[in-house]
Amino acid sequence: MFYRENGQFKTSYRADQQIFPVAQDRIAVLVLVAAAFILVPLFASDYLYRAILIPLVIMSMAALGVNILVGYCGQISLGSGAFMAVGAYGAFNFFVRFPGLPLIPALILGGLCATFFGILFGLPSLRVKGLYLAVATLAAQFFSDWMFLRIKWFTNNSDSGSVSVSHLQVLGMPLESAFSKYMFCLALLAVIALLAKNLVRGAIGREWMAIRDMDVAAAVIGIRPMYAKLSAFAVSSFIIGVAGALWAFVHLSAWEPAAFSVEVSLRLLFMVIIGGLGSIMGSFFGAAFIVLLPILLNQVLPPLFSLFGLDISTAGLSHTELMIFGALIVWFLIVEPHGLAKLWSTGKQKMRVWPFPH
Amino acid sequence: MTQKKVGDVILDVKNISLRFGGVKALTDISFDVREHEIRSIIGPNGAGKSSMLNCINGVYTPSEGSITFRGKTFSHMNSRQVAEMGVARTFQNLALFKGMSVIDNIMTGRNLKIKSNLLLQALRIGPAEREEIRHREFVEHIIDFLEIQAHRKTPVGQLPYGLQKRVDLGRALAMEPQVLLLDEPMAGMNVEEKQDMSRFILDVNDEFGTTIVLIEHDMGVVMDISDRVVVLDYGKKIGDGAPDDVRANEDVIRAYLGAGH
Amino acid sequence: MAFFLETFIGGLMAGMLYALVALGFVLIFKASGVFNFAQGAMVLFAALAMARFAEWFPKWTGIDNAIVANVVAFVIAGAIMFAVAWVVERLVLRHLVNQEGATLLMATLGITYFLEGLGQSLFGSDIYKIDVGMPKDPMFILESVLEGGVLVSKEDLIAALIAAVLVVLLSLFFQKTGTGRALRAVADDHQAAQSIGIPLNHIWVIVWCVAGVVALVAGVIWGSKLGVQFSLATVALRALPVVILGGLTSVPGAIIGGLIIGVGEKLSEVYLGPFVGGGIEIWFAYVLALVFLLFRPQGLFGEKIIDRV
Amino acid sequence: QANEQFFPLLSYRTGPYAPNGTPWANGKQDYLKLINARDGGVNGVKLTFEECETGYATDRGVECYERLKSRPGVALFDPQATGITFALTEKAPVDKIPLMTLGYGLSVAQDGMAFKWNFPYMGSYWTGADILIQHIGKEAGGLDKLKGKKIALVYHDSPFGKEPIPLLQERARMHGFELQLLPVTAPGVEQKATWLQVRKDRPDYVLLWGWGVMNSTALKEAQATGYPREKMYGVWWAGAEPDVRDVGDGAKGYHALALNGYGTQSKVIQDILKHVHDKGQGTGAKDEVGSVLYTRGVIIQMLGVEAVRRAQERFGKGKVMTGEQVRWGMENLALDQKKLDALGFKDVMRPLSTSCSDHMGSTWARVHTWDGKKWNFSSDWYQADEQIIKPMVKAGADKYLSDKKMQRRETGDCQS
Amino acid sequence: MDTRNIVLNVNGIEVIYNHVILVLKGVSLQLPERGIVALLGGNGAGKTTTLRAISNLLKGERGEVTKGSIELRGERIENLSPADLVKRGVVQVMEGRHCFAHLTIEENLLTGAYTRTDKAEIAANLEKVYNYFPRLKTRRTSQAAYTSGGEQQMCAIGRALMCNPSIVLLDEPSMGLAPQIVEEVFNIVKDLNGKEGTTFLLAEQNTNMALKYADYGYIMESGRIVMDGPAQELASNEDVKEFYLGVGGGERKSFKDVKSYKRRKRWLA
Ligand SMILES: Nc1ncnc2c1ncn2[C@@H]1O[C@H](COP(=O)(O)OP(=O)(O)OP(=O)(O)O)[C@@H](O)[C@H]1O
Ligand SMILES: Nc1ncnc2c1ncn2[C@@H]1O[C@H](COP(=O)(O)OP(=O)(O)OP(=O)(O)O)[C@@H](O)[C@H]1O
Ligand SMILES: [Mg+2]
Ligand SMILES: [Mg+2]
């Protein structure tokens, strides 16, 4: 009833090619973006910013990058943690070795380091496919773990191999308060999401998806698998790299390679699959799910247990949390194997035909 | 109907052989295709028809022989080169991009013609957007032509088989090919739908002057619309000529048509 | 020379131990097309059950005989793995028929978390001991030929033999029996397999059971080597290069892959490691596997990846 | 505002390090319960706590920190993990909450003039490594006897494992022994190659710098390659029950540093048993009370509580202290033997007193040896050699400050 | 229609995909014992969906039957698994072949006999399939993925026959087959029907052939049955002639001449 596309006639292809052709969608997204930029700061607490919103925004960005590679181009990667690490350490090196280098160029240079690394480890994808490739990308993961532990130069010769940054500034303004950090990350995310959306709905995006869905047919219509795959690796690892640099610079401030372990790679893959492969929106959903759920469980379970008069040990609580987390993942996959984004669009479909069931 | 002008040889296949391990898929096949004609390839299952197409557009590399396209001779080409030279094809077992909408599938056919680079596409300003819209217009014409307007935005995986075949054709047409290779475009259609499909093929042939190489098992269609027919059996050529000649050929009757035809 | 041999043999045996875990991956993938990330968690779970029941059994019954306790614990742990298989089929796989590989992969990751949580809450998260009487002290061979002899770990040797026996049995099962054929059919196309009457449910329970038992054997061996605690699950990460090098669909491939990876990583660590600061074996294993894949994208013995139009 | 002092407890009871993290966390909790039950808090201020599971992961740890840091009456954080410590080191000064990293964390943080908010009480990896070398030297009949010897460091390949390297290199230069570095990839389940190298090079001693499963695996591999366990020396994170329990006899003769005493005979442990466990309030299993890591947890918590008490002495008895006030308390702790005895920590730890420039307070440790069943002390207390460590700490702290473009604290700052 | 010996009774079923896409809007049909029933209709009419609903293969496509009932010899079968149905003798040949790509042709056929145990019978059955499709015999050791489209189609049909079924649901068996083989396939259907009493439900586009061999036919359009009747009756119906057989108004039109006009009849808008 409220969500209808009929009655909204497009008079030009430009109008029809908008990101959100349906007016209600457009409004909804505008409202969301406005909420993120304006409403959230009105009530968010320091905890909300630092422990939830900032990680969420940064992880959304990383998930977006992973989604380009995995969701759009179909190259399953378990090396995203490594790309984040390369982005973080790359940016770190530029940052400390060129005193006075502003933050944004450092982040971009970090992203470019990740791009280079991504292309390098993307080369095998020209021959190796599917799960074989997925496992092979772990090589990138373990190699980067090793590289940043062992090669002292990367960590500016710190003894322990852990590095830190401080006194961040953007355009002359200090990046210290939770609010400013959040706004900075959010703005970057908005820009990157827009660019990414443009890419995936343009020619290159179609090439990626064509390679994903049927590579022989793609080759026959003149798509070069090498260009498509490597460009996906490049774009994706750039975004992941920038996210990694943000994670290190803005969220952690001080980090060691373990901050980008294989666990991170797995969680990123999780995010895009739970969120929805091949959907920018899905990356956000997925990141929200994976970032928020454990925190939520951690906070909700204890009162819940005590509500039922159950006295459960702290260890038991952690284990229960793990079990519920696992079970929920499986449950979501069963409800909608194509992810939360699909659930969302099914919901919209239902709304479109409302009040009729079909 | 006006008499159509069949031109010079555009595609010349010479002594092609292809084997997979012990299986001889093709043995010493030669035939030519002239500009603007509809050339059919028929033969029993497993005769090597699809393999022939795969050789022409570079999916398979023939073990012997050469292919001449507009005077240039190749023993092997990669698919991209073939596509750049204006050869498009459809597939026997649908090879659409399942996760993409109808429009996007057909738009991929235009990708060779897109000039703006990655950065321009990301920013989607000025030329990049204009280019996108120009191609979109072209694709809309194809969609109108194939009468699939209603399904524009449906993911192709959800379309019924027949419509998927049409989209497959649309994607090939979007490349504005000079030669169009069609692998059983009418399998799984009823008569009415076959009539539609024939009409599309004839229109393409007429209006755009596209040369067509057609594989099809429906003899009615083949005999009605093709100009010349090649017959393969067990990887060998057993007949070549106008439909009526082929229909009368003893070998062909024995191997393929059966007495009923 | 002696040292080279020692490293080489050590590598072979480490490889066999990886193969034992790799086997679990191969089984499930070969028979259902699911890349079972939960294999590591299953190894942990089985080992925990085994360790705890071996500890509890004498306490409950008062029968203080190590062999009896171990046998009973093994049987109970086996039964538990059966239950896991059954539950996984019921609650997870059954509802994901015909879904894409990535979705199934994620589901098994969900199972991983669940099993890790469940295992630790049922059996505790401390470190436990499995003592099946594996000899811990080394033995020396070729002492007459080489000075000091060549050291071979007896424990590893036994483990390697067990792995070899398992592989032979499972290879025969897949190649020679009708059920094996049906399992391979399921991996190719769930729906088509259903359509001709292969009961996916049973098949999956069977495979997961077998994989569970393999996990149990791996768990016992690794557990008696490492002690049973959470990190046991991470040996799966060491087994992954073995799986892809040998080929996801090949049972013998797991062994050959294991041997190559084992030897490759040990030699690299010992001979190359010191020049670059050490700690290279894990990524070296992956890079080694990757290099092989460049020549054979389906692994050494994997089924060819088919894409045809 | 409730009259309660809040102790956020970061811990890990799941994951690879759970066997070690659990008794540690239990000890911390039980001590707080004891103070409430026995003394009714600190001068009437109730002690409250909340545990937050980090799973040893940095990002979870940061989330826990952010969640708990703004609770009313937060005293201090003990991150229980080196990685989390690094991240919090950047955040704590901003939030004005002190960090206690007893026996772990940044070695250079001993310099309180540079690291105002970090308190690596009782020892860092540099003091630990230093004491081990002293002990080995003594066993060998004098430090000069180490000349020409070969010592291998088998370490957890992470900042935790790498910290002792500079000190060992310094000592190697001094005494002329050769240091061999053998990293083990975390979590350390596969060490065959490492031990093959040990077997090849036959170092005279092996120092084991492991955590969690790495320790028991190392001992088992040592057994499998026939390296004598008597020549192996672990850091204090490789010298507790979980590290050797399932190796049993295989680890017989293995030595490790003991940062603290343990066992159930001390008064504080007896009190915990009596006031907490016997009342059914115990956090973990009763038989683990008094184990090495449990006792370390108790000590950590005692130091935290004493810091609060010390702060109250200055800022007002019976009041809830702010993070800044607790920090002052931590910086001005003076626990002499008499005080320790009164607290029930006789033979559990050495006296400790901190100052503005020294945030460690005590650099003593001794060695204990596993006899196949239990740990037994096998040396007297050693103190780390200030002469070696002080300059290194100073240099390290200066580098840190200059990297960060920060200044040392003024001496006047010590009064605040 | 003969109502005494109905083996399969589909009663007003509704099928929804993905919770929102309503595809079948109340389809009813009956299959008499030893009958050959054709299910005709254009692309997207819902033939495949109907067959999937019967053989319970909808779940994998995220579809479900939301209304109506399906009875096999009086027993409700909506909740049985596909494997149970095969045990009861109902087997479907899926549209689009679905051979097991990595198995050889022979292994493919043998998996078809999964539910059977008698080795000798299986061997005999295999021989029979090879007799029907000699082409398969020559390609028996090659992996199914590497055979031609038509060979795969034969393989899929042969595999279903290896179950020794009493009811076969054939989804577009003629697709992609050479005319001779199409004839062959229909002869096999007739043959099995005659000799072994196998019941067939044929979803077909090749209306000509289907009506020639079937006894009864249903015509579907947009998820509804719009017409049914004995095969000869349908074949002589003017509308059917024009729209499904392409021989409206007497002579068969040449495909060359269809281009200029187009009229499409829809029974239901
Ligand atoms: N998995 C699916 N998800 C959503 N819609 C589907 C799905 N499968 C089929 N449909 C829709 O159901 C309708 C009927 O499809 P069905 O495949 O049953 O037709 P059909 O009569 O077999 O056609 P064809 O002759 O082309 O095979 C079509 O409109 C199709 O788009
Ligand atoms: N990649 C391949 N590997 C092995 N054999 C192949 C391969 N491709 C085709 N063949 C074999 O080559 C022969 C010809 O196959 P092709 O697909 O060209 O037949 P076709 O004439 O198109 O038959 P249909 O009408 O059934 O589609 C077949 O026997 C097939 O098994
Ligand atoms: Mg073909
Ligand atoms: Mg159909």
Side-chain angles (χ1 to χ4, degrees), chain C residues 26 29-33 89-90 92-101 103-104 174-206 247-251 253 298-299 301-309, chain E residues 51-52 55-63 80-104 106-117 119 122 143-149 152 155-156 158-165 169 171:
Chain C
V26 171
F29 186 80
K30 193 175 167 69
S32 55
E89 193 282 324
R90 265 284 106 169
V92 185
L93 297 176
R94 168 173 297 205
H95 304 281
L96 290 171
V97 179
N98 213 23
Q99 297 305 331
E100 284 142 46
T103 308
L104 292 167
F174 271 101
Q175 292 306 330
K176 300 288 174 219
T177 67
T179 313
R181 197 187 313 120
L183 295 180
R184 289 193 289 146
V186 173
D188 266 351
D189 192 328
H190 293 175
Q191 237 186 347
Q194 275 189 315
S195 82
I196 53 163
I198 297 177
L200 287 194
N201 312 344
H202 296 192
I203 293 278
W204 276 333
V205 174
I206 293 175
L248 271 170
T249 48
S250 165
V251 174
Q298 70 274 34
F301 300 94
E303 274 169 350
K304 198 144 176 233
I305 300 164
I306 292 173
D307 45 11
R308 249 201 91 188
V309 281
Chain E
L51 296 200
R52 279 186 193 142
S55 60
N56 260 322
L57 286 172
L58 274 176
K59 206 163 175 203
E61 301 281 336
R62 304 191 67 69
L80 295 184
S81 74
D84 291 332
L85 279 169
V86 173
K87 280 210 196 101
R88 286 168 174 70
V90 183
V91 66
Q92 177 177 0
V93 178
M94 288 161 68
E95 174 182 43
R97 289 126 207 193
H98 289 276
C99 292
F100 302 123
H102 291 96
L103 271 56
T104 62
E106 182 149 317
E107 284 176 321
N108 261 283
L109 295 178
L110 286 176
T111 43
Y114 181 82
T115 46
R116 302 167 64 185
T117 44
K119 288 244 167 67
I122 294 175
Q143 283 189 324
Y146 294 117
T147 56
S148 81
Q152 290 183 23
C155 175
R159 188 176 63 187
L161 297 184
M162 292 293 291
C163 305
N164 199 19
L169 314 173
D171 202 351

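Below, all heavy atoms of this structure are taken into account, side chains as well, without hydrogens, waters or symmetry copies. First the proteins, then the strands, lettered A, B, ... as listed; each starts at 1. Everything numeric in this text was worked out from a predicted model, so none of it was measured.
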Task: Side chain, backbone, both or neither of T111(E) within contact of chain C (heavy atoms, under 4.5 Å) - done: both
TODO: Measure distances from I203(C) to the heavy atoms of chain E and classify the residue's part below 4.5 Å as side chain, backbone, both or neither.
DONE: side chain
TODO: Applying side chain to side chain donor-acceptor pair (under 3.5 Å), name anything that partners N56(E), two or more places apart in sequence or on another chain.
DONE: none
- [ ] Of all the heavy-atom pairs spanning A192(C) and R159(E), show the shortest one and how long it is.
- [x] CB-NH2, 3.9 Å
TODO: Return the option, out of M162(E), H102(E), M94(E), H98(E), with the maximum number of heavy-atom pairs under 4.5 Å with chain C.
DONE: H102(E)
Task: For the student: nearest non-hydrogen atoms of Y114(E) and P199(C), plus distance - done: CE2-CD, 3.2 Å
Task: Side chain to side chain, L57(E) and S195(C), heavy atoms closer than 4.5 Å - done: yes
TODO: Return the minimal non-hydrogen interatomic distance between F100(E) and D189(C), and the atom names on each side.
DONE: CE2-O, 3.7 Å
- [ ] Go through H95(C), Q99(C), E303(C) and name the one with the most non-hydrogen pairs under 4.5 angstrom from chain E.
- [x] E303(C)
Open item on the list: Report which part of A187(C) has an atom under 4.5 Å of a heavy atom belonging to chain E: side chain, backbone, both, or neither.
Closed with: neither
Task: Top contributor to chain C contacts, counting heavy-atom pairs under 4.5 Å, from L110(E), V93(E), D84(E) - done: L110(E)
Open item on the list: T103(C): which residues meet the side chain to side chain donor-acceptor pair (under 3.5 Å) condition with it, sequence neighbours left out?
Closed with: none
Open item on the list: I'd like to know which of V90(E), L103(E), L85(E), T115(E) tops the heavy-atom pair count under 4.5 Å against chain C.
Closed with: L103(E)
Task: Contact leader toward chain C among Q92(E), K87(E), E61(E), where contacts are heavy-atom pairs under 4.5 Å - done: E61(E)
